[in-house]
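No experiment lies behind these values; they were computed from the predicted model shown. When reading the values below, keep in mind they use all heavy atoms of this one structure, side chains included, and skip hydrogens, waters and symmetry mates. Below, chain A is the first sequence line, B the second, and so on; all start at residue 1.
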Amino acid sequence: MTAEAVDLERPATGVASGKLGVWIFLASEVMFFGALVGSYLVLRMGSASWPLPAATLDTTLLGINTFVLITSSVTMVNAVRAAERGDLPAMRRSLLATILLGGTFLGLKAFDYAHLVGGGITIGSSLFGACYFTLTGFHGLHVLGGLVTLVSLLLFSRRPAFARRIAWIENAGLYWHFVDVVWIVLFAILVLL
Amino acid sequence: MGFPEDASLHGHLLDRLYGHAFWLTLAAFLAVVAILGWCLVRYRARPGRLPTYTHGSGRGALLLSLGLAFAVFVGIDLNLALEDHRVFDALVGTPPDPAKAFRIQVMPQQFVWNVRYPGEDGEFGTDDDLTTLNQIHVPAGRPVLVELRSMDVVHSFFLPHFRIKQDALPGLTTRAYFQATKTGTYEVACAELCGLEHYRMRGFLHVGSEEEVAEWIARTREEYGADQELWRAWTRMKRESD
Amino acid sequence: MNAATGTARLMRPAVVYGWLAVLTAFELAVVRVPLGRGATASLLVGSALAKAALVVLHFMHLRIEGRILRAIALLPLLLVVAFVVALIPDIGARR
Amino acid sequence: MTPGAHPRPAGLLARVFSTDHKVIGKQYLFTGIFFLFFAGLMALLIRWQLAYPFRSVPLVGGLLFGKGGIMGGEHYTMLFTMHGSLMVFFAVTPILIGAMGNFVVPLQIGARDMAYPRLNATSYWILFAGGLVMAASFFVPGGAASAGWTNYPPLSSDRGVTLGQGQTLWLLGIVLAGTSTLLGAINFVATILNLRAPGMTLRRLPLATWSYFFTSVLNVLWVPVVAAALILVLLDRVAGTSFFLAGANAPFEGGQPLLYQHLFWGFGHPEVYILILPVWGILSDLLSVFSRKPAFGYRVSVIAMAAIVAVSGIVWGHHMFTSGMSPLLGKAFVLLTLAVSVPTALLFLNWLGTLWKGSIRFEPPMVYALGIVFVFAVGGLTGVFNALQAFDIYIHDTYFVVAHFHYTLAASVFLGSFAAISYWFPKMFGRRMNARLSVVHFLLSFLLLNVVFLAMFRMGIAGMPRRVADPFVYEYLQPMRGWSVLAGWGTLGLGLVQLLFAWDFFRSLRAGPAAPANPWGAATLEWSVASPPPPHNFERTPRVAGGPHEYGRPGPGGRDWVPQDEEVSLT
């Protein structure tokens with residue numbers, strides 16, 4: 001048994017180290033977004049006046065954006081299933097679709113920000129503005145991080161060494177789905193509530 | 001026991017709580033040090049000395065652990081927690097009746113204590129108020145209710161001789177109350193880091209008889225007056241839940 | 001990757017996609033109907049939790065993962081909820 | 001991200017950006033020692049100011065504080081802010097978790113390296129960048145951060161109050177250190193769970209590795225919360241938001257400073273357990289090795305540590321008894337905090353149980369370990385006073401609290417670091433440190449730190465507020481001048497004694513006698529390989545057959561211990 005072989009073949013917990021690491025990272029992300037969203041909730045409860053989001057935000061645009069991100073989750077699942085089947089061309093197509101949808105999401109978000117700032121709501125204008133831009137901003141940064149990872153995976157998939165790294169696709173998928181879950185929660189309690 | 005002189009009605013309760021906690025923890029500490037010392041002398045490595053092979057995982061060890069856990073929880077934790085709740089209720093938990101208490105408002109501002117007295121009409125914000133800087137005059141023998149709102153950063157209103165401390169926050173009203181038993185001049189300290197000259201934020205608490213305090217307020221009002229401008233910041237920070 | 005029987009207990013992506021779309025549309029609709037604040041809030045939170053559960057259990061395969069990954073996923077969630085609820089009396093109540 | 005066969009960079013680049021956990025461990029060690037020394041000098045300056053307020057600082061006064069060499073109120077505030085921040089995030093965490101954890105954990109579980117070697121290197125270099133940012137924050141206009149290591153807003157987040165960029169750089173530096181600790185913690189949890197050698201079941205893990213697992217779980221859960229809090233303060237300072245600004249000069253209403261205190265101390269209390277847990281694990285193992293006797297109550301110790309990890313997340317309110325937090329919450333936190341004394345008492349029972357009927361050898365690591373039992377007894381028991389809400393009303397933010405956390409942090413973790421360094425020095429560098437010098441260093445350090453911190457307790461009882469540049473402006477504190485001078489000279493002595501250890505440490509790096517593979521006769525796996533270990537630790541993955549503390553049973557060849565990876569025929 002070569003030195004490295006042991007670590008890959010038989011991790012003590014039966015869970016591949018890559019996947020285990022991603023889940024532990026997602027646990028810390030749950031705490032991070034939990035702290036931010038929790039702060040928003042208690043600050044909102046503790047403040048005398050809070051603008052009704054439906055009046056200030058373009059909920060249909062953000063609804064479409066939610067739909068875009070959900071679709072990107074589905075294309076990500078298809079990419080992972082294609083990778084498991086070993087059908088690399090199908091995986092690359094699905095991966096590309098996921099990347100484009102992620103880009104669309106960020107594009108619509110930028111448009112939403114421009115619309116808001118144009119309307120006088122900025123990060124420094126009110127506590128609502130501060131919370132909105134901080135939460136959606138950090139979510140946007142995480143989507144951007146995800147996009148960079150997916151693009152580098154797409155490029156790496158062209159190289160032969162990729163054959164032994166199929167698990168990275170599933171791990172990237174876990175992260176992408178998590179980012180989608182965060183948006184699902186934000187969409188409900190920040191945009192619509 | 002090393003505390004500053006206690007001049008408050010309930011201060012002795014805190015000193016007694018400290019005494020109980022001190023003796024309980026000292027007993028535990030001496031037990032640990034005694035066993036530690038005994039082991040080091042009795043069981044030090046010597047030729048022919050064979051250590052006893054045990055993992056300490058038998059029934060005896062388990063019972064010892066449970067017994068110790070129970071003894072520590074009931075003997076120290078519950079014992080002190082119950083007394084602490086009693087002392088807290090007496091010292092801080094039961095606010096005095098505002099009608100009978102001597103009420104003042106203290107608004108800490110970076111590195112000074114702004115103090116406001118309601119004057120005869122008992123209302124704040126009227127013309128007969130008096131505002132002073134760092135000088136607090138209160139009567140002995142009557143509960144004193146101090147309302148605190150900070151103007152800028154977090155400060156902490158600390159009366160060591162009365163065993164109380166209460167943070168003053170911007171945008172939030174907090175209350176501190178005490179009852180002086182001895183007259184005299186005591187010091188007010190700021191106990192929360194509030195800036196580069198945090199150490200200079202020293203105030204004076206003069207405890208006198210009712211007459212002395214009333215006479216001082218009347219005399220000082222000619223000099224200082226109400227300074228309503230300063231206290232506009234106080235009203236602006238009012239929160240509904242205060 | 002996962003044992004063949006394992007993936008059987010996962011819903012097909014298309015079905016999950018359908019549910020997610022329906023729930024999102026439902027949320028957008030709920031906001032337009034003038035229900036009471038409490039009703040709207042609970043419906044929205046309920047729908048968001050359902051969507052989140054769908055994604056986590058079926059897309060992230062948590063439904064067929066072992067005890068360790070489930071614990072890693074659940075523990076921080078409980079901690080965050082407990083922490084925020086503990087803040088309510090002190091921060092939330094200061095209107 | 002799994003540890004594939006990535007090509008090893010050659011030459012200098014390989015040594016500097018190495019992904020070998022042993023090299024990274026040493027990098028953490030030297031960085032930690034540098035900041036320990038740097039922050040230790042600040043402690044000397046702080047104690048000088050408290051002993052002789054506003055009198056010219058000898059030797060370095062002119063250089064540091066301009067003409068006259070007198071330390072102003074602003075210098076003093078910056079000094080204790082940076083002393084606290086650097087000690088917690090850049091000295092103790094790197095030495096105990098970064099250095100000892102990285103070096104020891106893979107070896108103790110029989111693994112080649114950490115689960116993610118490249119992530120491990122990245123973690124170190126993020127900490128290094130954070131260190132540069134912290135050091136730079138001294139030289140920016142407005143000086144270093146001056147809001148305490150707790151960084152309470154509005155003092156920290158209001159641009160009108162704390163002007164300097166140093167505060168913003170401080171926030172960036174701590175977020176970088178937090179990111180480094182978080183990535184390291186993910187690495188540790190994955191390594192300890194996944195890379196255990198065949199036979200290394202959870203019941204056979206050494207207690208040191210157990211403590212690194214618990215420390216990392218706490219880090220993974222709570223570092224993101226303080227990162228969120230500090231980022232919100234950063235936004236308040238830079239982006240004009242007002243999460244924590246309130247009252248007169250808040251740009252808009254709704255912000256609540258109390259929220260920051262909840263978020264900070266939600267992380268703050270687990271953080272102090274993050275720092276002390278490795279000391280407990282190492283202490284339990286050392287007592288067993290040098291008493292030649294299995295650790296007493298292994299399972300109870302692990303359960304006690306797990307209980308403390310669980311409770312540590314729900315006790316943070318005892319930091320806020322006087323802060324305007326609702327008293328209802330306060331009462332709950334009194335009982336929850338006191339409950340922590342039960343698992344701690346069990347740990348003490350197991351430490352003393354290990355010593356009981358042992359055959360105690362007074363080697364340097366053991367001497368430090370025994371010192372820890374004493375000072376942590378004082379530190380732990382004085383925690384009971386801070387948990388009592390009524391008493392805390394009086395001693396909150398006084399030197400009583402400072403003395404308490406210096407006994408648990410500056411004494412227990414300090415001696416813990418020396419115990420770990422002297423125990424694993426032969427394995428890390430293949431050379432021995434001088435035993436006599438180490439014992440002398442321990443005795444003097446132990447004596448002097450008790451002098452300094454007991455003096456702090458006395459000043460705390462007298463009600464001396466902490467973080468005050470000149471406590472003797474207060475009339476009621478005049479009797480404390482003598483104690484403050486005593487603490488000052490004690491600190492100077494303590495500082496000088498550390499030079500003893502530093503000299504022995506750096507001399508032994510090159511000139512120390514060669515160390516055998518197993519100088520202490522220890523049973524855990526790291527002692528079954530050469531000193532220093534080969535790049536891939538184990539030629540053949542070890543098969544673990546026994547527990548970590550098999551001492552005291554006469555084995556073959558006159559040995560009184562059985563290594564973990566040796567088949568033993570149970571006669």
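- Residue contact with chain D, scored on non-hydrogen atoms closer than 4.5 Å, is absent for B:Trp234.
- Of the listed residues (D:Leu245, D:Leu355, D:Thr150), the one with the most heavy-atom contacts under 4.5 Å to chain B is D:Leu355.
- The part of B:Leu17 that comes within reach of chain D is its side chain, from C-beta onward, which places non-hydrogen atoms under 4.5 angstrom from that chain.
- A ring-centre distance under 6.0 Å is not found for D:Tyr76 and B:Tyr199.
- Residue B:Glu83 does not touch chain D at all, counting heavy-atom pairs closer than 4.5 Å.
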> Passes salt bridge (Lys or Arg N to Asp or Glu O under 4.0 Å), D:Asp470 versus B:Arg202? Steps please.
Replying inline: CA-CA 11 Å; D:Asp470 175 9; B:Arg202 173 175 179 236; over 6 Å; no
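- Of the two parts of B:Val154, the backbone and the side chain both hold a non-hydrogen atom closer than 4.5 Å to a non-hydrogen atom of chain D.
- Under the 4.5 Å side-chain criterion, counting only non-hydrogen atoms from C-beta, D:Asn151 is in contact with D:Tyr260.
- Ranked by non-hydrogen atom pairs under 4.5 Å with chain D, the options B:Leu169, B:Asp15, B:Leu91, B:Val87 are led by B:Leu169.
- Contact annotation for D:Leu477: neither backbone nor side-chain heavy atoms come within less than 4.5 Å of a heavy atom of chain B.
- Here the straight-line distance linking atom NZ of B:Lys182 with atom CG of B:Asp6 works out to 5.5 Å at 0.5 Å rounding.
- Most heavy-atom pairs under 4.5 Å with chain D, from the set B:Ala233, B:Ala189, B:Cys190, B:Ala61: that is B:Ala189.
- Taking the side chain as every heavy atom from C-beta outward, D:Glu363 and D:Val289 never approach each other to under 4.5 Å.
- If you tally non-hydrogen atom pairs under 4.5 Å between each of D:Phe362, D:Phe296, D:Phe348, D:Trp356 and chain B, the highest count goes to D:Trp356.
- Contact count versus chain B (heavy atoms, under 4.5 Å) is highest, among D:Gly148, D:Pro471, D:Ser341, D:Gly73, for D:Ser341.
- Both the backbone and the side chain of B:Gln166 come within contact range of chain D, with heavy atoms under 4.5 Å apart.
- Residue with the most contacts toward chain B among D:Val473, D:Ile461, D:Val468: D:Ile461 (heavy-atom pairs, distance under 4.5 Å).
- The shortest distance between side-chain heavy atoms of D:Arg466 and D:Tyr399 falls below 4.5 Å.
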> Taking it one step at a time, do D:Leu352 and B:Leu36 satisfy side-chain contact (heavy atoms from CB on, under 4.5 Å)?
Replying inline: CA-CA 7 Å; D:Leu352 296 175; B:Leu36 180 66; 4.1 Å; yes
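- Side chains of D:Glu475 and B:Tyr186: a donor-acceptor N/O pair is absent below 3.5 angstrom, by distance only.
- Looking at B:Phe158, only its side chain comes within 4.5 Å of chain D, counting heavy atoms on both sides.
- Contact count versus chain D (heavy atoms, under 4.5 Å) is highest, among B:Val32, B:Ile164, B:Thr174, for B:Val32.
- If you check the side chains of B:Gln135 and B:His206, you find a donor sitting under 3.5 Å from an acceptor.
- Under the 6.0 Å cut-off for aromatic ring centres, D:Phe374 and D:Tyr407 do not qualify, their centroids lying 6.0 Å or more apart.
- The residue among D:Ser288, D:Gly297, D:Pro465, D:Gly358 with the most heavy atom pairs within less than 4.5 Å of chain B is D:Gly358.
- Residue B:Phe162 does not touch chain D at all, counting heavy-atom pairs closer than 4.5 Å.
- There is no contact between D:Pro343 and chain B, counting heavy-atom distances below 4.5 Å.
- Interface check for chain D: of the options B:Ala90, B:Ser156, B:Pro4, the most heavy-atom pairs under 4.5 Å are formed by B:Pro4.
- Within the 4.5 angstrom heavy-atom criterion, no atom of D:Phe376 approaches chain B.
- When D:Leu258, D:Val300, D:Val334, D:Thr398 are compared by the number of non-hydrogen pairs under 4.5 Å with chain B, D:Val334 comes out ahead.
- The parts of B:Thr25 that come within reach of chain D are both its backbone and its side chain, each placing non-hydrogen atoms under 4.5 angstrom from that chain.
- Of the atoms belonging to B:Leu64, heavy atoms from both backbone and side chain fall under 4.5 Å from chain D.
- Residue contact with chain D, scored on non-hydrogen atoms closer than 4.5 Å, involves the side chain of B:Asp89 exclusively.
- Of all the listed residues (B:Leu24, B:Leu40, B:Leu78), the one sharing the greatest number of non-hydrogen pairs under 4.5 Å with chain D is B:Leu40.
- Between B:Tyr18 and D:Phe385, the ring planes are tilted. Angles from 30° to 60° get that label.
- Side-chain contact between B:Asn114 and B:Leu133 is present, with at least one heavy-atom pair separated by less than 4.5 Å.
- Among B:Arg49, B:Arg163, B:Arg44, the residue with the largest count of heavy-atom pairs under 4.5 Å with chain D is B:Arg49.
- For B:Val74, no part sits under 4.5 Å from any heavy atom of chain D, backbone or side chain.
- Classified by interplanar angle (parallel below 30°, tilted 30° to 60°, perpendicular above 60°), the ring pair B:His55/B:Tyr53 is perpendicular.
- Side-chain contact check for D:His396 and D:Gln389: no donor-acceptor pair (N or O, by modelled atom type) lies under 3.5 Å.
- Of the two parts of B:Leu80, the backbone and the side chain both hold a non-hydrogen atom closer than 4.5 Å to a non-hydrogen atom of chain D.
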> Between B:Arg116 and B:Thr131, does a side chain to side chain donor-acceptor pair (under 3.5 Å) hold up when you go through it step by step?
Replying inline: CA-CA 4 Å; B:Arg116 176 158 70 169; B:Thr131 298; 5.7 Å; no
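- Ring centers of B:Phe88 and D:Phe321: at least 6.0 Å apart, outside the cut-off.
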